[in-house]
Amino acid sequence: MSIYDTLNERQREAVFHTEGPLLILAGAGSGKTRVLTHRIAYLMEELGVNPWNILAITFTNKAAGEMRERVDNLIGFGSESVWVSTFHSMCVRILRRHIDLLGYDNSFTIYDTEDQKTLMKDVCKKLNIDTKKYNERSILSAISTAKNEMVTPSEFEINVMGDFGRQKIAKAYWEYEGQLKSNNALDFDDLLMKTVQLLQTQPDVLDYYQERFRYIMVDEYQDTNTVQFKLVSLLASKYHNLCVVGDDDQSIYKFRGADIKNILSFESTFSDAKVIKLEQNYRSTANILNAANAVIRNNRGRKDKTLWTDQGEGDLIRLGQFDTAYDEAEFVAEDVERLAQDGASYKDFAVLYRTNAQSRLFEEQFVARSIPYKIVGGVNFYARREIKDLLAYLKTIDNGEDDLAVRRIINVPKRGIGLTTIERVQASATAREISFYEALGGLDLIPGIGRASSKLDSFVSMMEYFKGRAEQVSISDLMKEIIEMTTYLESLEAEGEEEAKARIENIEELQNKIAAYEEACADAGEPATLSGFLEDVALVADIDSLDESQDYVVLMTLHSAKGLEFPQVYLAGMEDGLFPSYRSTEEEEELEEERRLCYVGITRAMKRLTLSCARRRMVRGEAQFNRMSRFVQEIPQELLETGRGAGRWQRAQKEQWSSDTGGSAGQGMGSFGQDGGAYEQGTGSAYVRNQRAAYRQAQKDFHKKPFQSAPLQKGGQQLAASKEKGLDYIVGDRVRHVKFGEGTVKEIVNGNRDYEVTIEFDTVGVRKMFAAFAKLQKL
DNA sequence: CCTCCCAAGGTTTTT
DNA sequence: CCTTGGGAGG
């Protein structure tokens with residue numbers, strides 16, 4: 001019995017069709033990952049293809065890792081030599097080798113969204129662009145669109161002749177590109193565009209990669225954009241062994257430039273393409289699948305296909321309309337709690353929503369009930385201030401031309417270097433066409449720098465020291481030295497205890513991540529480099545942090561949920577205006593994208609699906625009254641269960657037209673059978689208000705905790721405990737410090753927030769530190 | 001040069 | 001509602 005016997009006939013056909021272009025139209029849950037992994041296995045094991053001649057492009061790093069693992073499980077060898085990666089990381093790998101051919105330095109840095117914004121601000125300032133009229137965000141998004149279409153600044157300029165507003169954007173695009181280049185930096189879109197430019201202009205490089213990637217597979221093909229399409233086409237144009245897998249019904253990234261035409265016209269683009277449809281769903285019950293089919297059927301212009309399953313009907317889909325979003329969250333949390341008590345695992349549950357902002361209410365409820373949970377997305381770990389600060393040190397060490405990074409840290413922690421000084425240095429650097437950091441080397445050339453020069457000097461010599469160290473020690477050790485020499489932790493103290501504590505834990509987490517990176521490199525037998533770590537960091541997706549082995553409820557946006565599955569799924573906020581978003585109800589095309597998103601959401605569910613919505617919801621501080629999502633009404637009634645009896649749905653439908661319940665607390669439909677009445681508490685009662693205040697407080701405390709939702713923690717309670725503990729050592733005692741070793745306590749000053757302790761260490765001499773940070777151990 | 005306070009604006013979705 | 005940025009005062 002071979003590994004291919006477990007596949008169905010269609011799947012097997014897809015696996016065995018290895019030569020020439022192949023389009024696999026794979027419906028949700030139809031086993032496309034199985035097909036891809038088996039296909040890789042088949043190529044290697046049966047056809048003797050070298051693993052390094054295979055390229056598989058996935059949507060996230062997480063998917064890439066999983067794919068590798070599954071290939072290894074199938075054939076037990078060689079998967080590490082297969083290139084499995086995302087578009088972006090593949091491009092970085094190529095560019096690191098060859099970008100010098102385009103006039104960049106190979107140690108370029110990657111700018112994230114925040115960096116882009118900072119840069120664009122400078123650009124607008126320089127060009128006197130009124131950001132009230134053209135804000136940075138919209139300029140950047142225009143540039144991003146251009147880059148996704150591979151439109152260069154000069155082409156852009158030509159295209160917008162006669163349009164005053166867009167001419168401004170063209171100017172900004174020019175300047176922005178120039179600054180990126182002089183900072184030796186690339187933004188996300190550049191990674192793709194520059195790679196294509198490289199392949200288009202360097203025939204030998206193109207040929208090298210064409211030879212290298214004889215078999216190319218692209219997952220989630222429906223979400224590729226023009227530049228990605230171009231990239232794949234270039235690579236595949238020699239051997240034509242291009243296999244793309246996708247589902248036009250799951251195309252949800254139009255806003256990011258994804259072009260659904262890439263999949264719809266695959267057959268005409270690649271004339272000898274074979275098309276295989278996978279329509280048998282192995283994931284969901286028939287009821288769930290039928291609901292999904294019913295919804296997506298309302299879209300026009302899709303490839304015709306209908307998912308089917310041989311599983312039973314399963315449970316009905318539950319639908320609940322609540323008075324407020326608060327009640328909705330409460331219901332979901334209680335439902336999870338109850339099912340968990342009945343023996344379900346937390347990791348069986350996912351709460352999906354349209355916008356990240358909706359996560360808060362759920363978080364409050366989960367915290368209050370001590371239900372372990374994990375929020376995917378929202379504020380990225382690497383976007384946190386303390387993390388960006390420390391990374392900016394690494395970036396500066398790695399690439400001195402990155403002015404943004406240098407300017408970020410030159411006065412962090414505070415060194416008394418002010419804005420005026422920074423601007424003077426910048427002006428001098430710009431005038432002399434050198435980098436900011438370079439300008440710091442010739443301070444006597446800068447007029448008016450005066451007293452600041454000694455401070456600048458010591459900053460430079462510190463950075464030079466770090467650069468030297470970077471050659472000698474590991475990244476972990478370098479990071480440790482940076483934190484110590486800059487006294488970064490101590491400087492956080494100024495912000496208040498809880499805040500600082502959370503930040504310090506984040507920093508510890510960063511150090512863990514560095515260690516993990518080094519370990520991964522060691523395992524792979526590659527050197528751990530600063531650039532390598534920084535690019536890993538730049539290219540992580542929120543979803544990459546999801547760990548299926550951990551037992552927590554997962555909360556995330558519908559977008560993040562793509563590709564995942566859960567036994568129990570809650571689709572929250574099923575309200576017109578929220579989902580579909582009010583911004584997309586005007587145009588049919590946009591509405592269809594929202595509908596696809598809904599389809600993605602429904603098809604995440606394996607066993608049971610719960611839809612919920614609220615009549616009233618606070619959005620940006622004001623109450624919004626929404627009726628039930630039109631998508632809900634596209635689901636046949638007989639598939640739905642709405643609390644008490646079938647007639648209930650109609651009532652819900654009626655109610656939605658006159659649903660300004662205001663504070664009068666008409667009761668929600670929040671109960672499904674068994675424990676009816678549990679949610680009928682009026683929303684206006686003092687009890688509920690107090691509860692709400694308590695949750696809010698708990699949530700606030702919680703946010704002072706580290707970046708992650710820290711799944712197994714029990715809410716905010718234990719947070720306040722650590723204050724005012726006092727010290728267990730006195731002047732004259734011998735103590736031990738993690739880093740500095742043993743020493744004698746010389747002085748303890750009782751500051752208003754913390755004790756400031758002076759210690760004479762045996763090896764490193766006298767140091768002052770805050771007790772809470774130093775974690776000194778009495779000997 | 002730094003810190004504190006108030007006003008304004010922002011939320012779709014993300015590599 | 002919550003965050004960010006600008007301006008005034010120390």
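Just so it is clear, the values below take in all heavy atoms, side chains as well, and ignore hydrogens, waters and symmetry mates. Each chain gets a letter, A, B and so on, in the order the sequences are listed, and its residues count up from 1. Bear in mind that the values here come from a model prediction, so they are computed numbers and not experimental data.
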Under 4.0 Å, heavy atoms only, any strand: does [X] hit a base, just the sugar-phosphate, or nothing?
X: Gly418(A); value: sugar-phosphate
X: Ser584(A); value: nothing
X: Lys414(A); value: sugar-phosphate
X: Ser89(A); value: nothing
X: Asp112(A); value: nothing
X: Asp189(A); value: nothing
X: Arg137(A); value: sugar-phosphate
X: Lys121(A); value: sugar-phosphate

| said: Under 6.0 Å between ring centres: does that hold for Tyr253(A) and Phe59(A)? | reply: yes

| request: Anything under 30° is parallel, anything over 60° is perpendicular, the rest tilted; go ahead and classify Phe188(A) against His88(A). | output: perpendicular

| request: Please determine if Arg407(A) and Glu423(A) form a salt bridge, counting it only when a charged side-chain N lies under 4.0 Å from a carboxylate O. | output: no

| query | Salt bridge or not for Lys254(A) and Glu589(A), using N-O below 4.0 Å? | reply | yes

| Between Ala452(A) and Asn135(A), who's closer to the 5' end of DNA chain B by nearest nucleotide? | Ala452(A)

| Taking CZ from Phe579(A) and P from dT13(B), how many angstroms apart are they, rounded to a whole number? | 13 Å

| query | Among residues 554-563 of chain A, which residues get a heavy atom nearer than 4.0 Å to DNA chain B? | reply | Thr557(A), His559(A), Ser560(A)

| query | Is the shortest side-chain N/O distance from Thr60(A) to OP1 or OP2 of dT15(B) below 4.0 Å? | reply | no

| field | Verify stack between Phe87(A) ring and dT15(B) base, 5.5 Å, 30 degrees | value | no

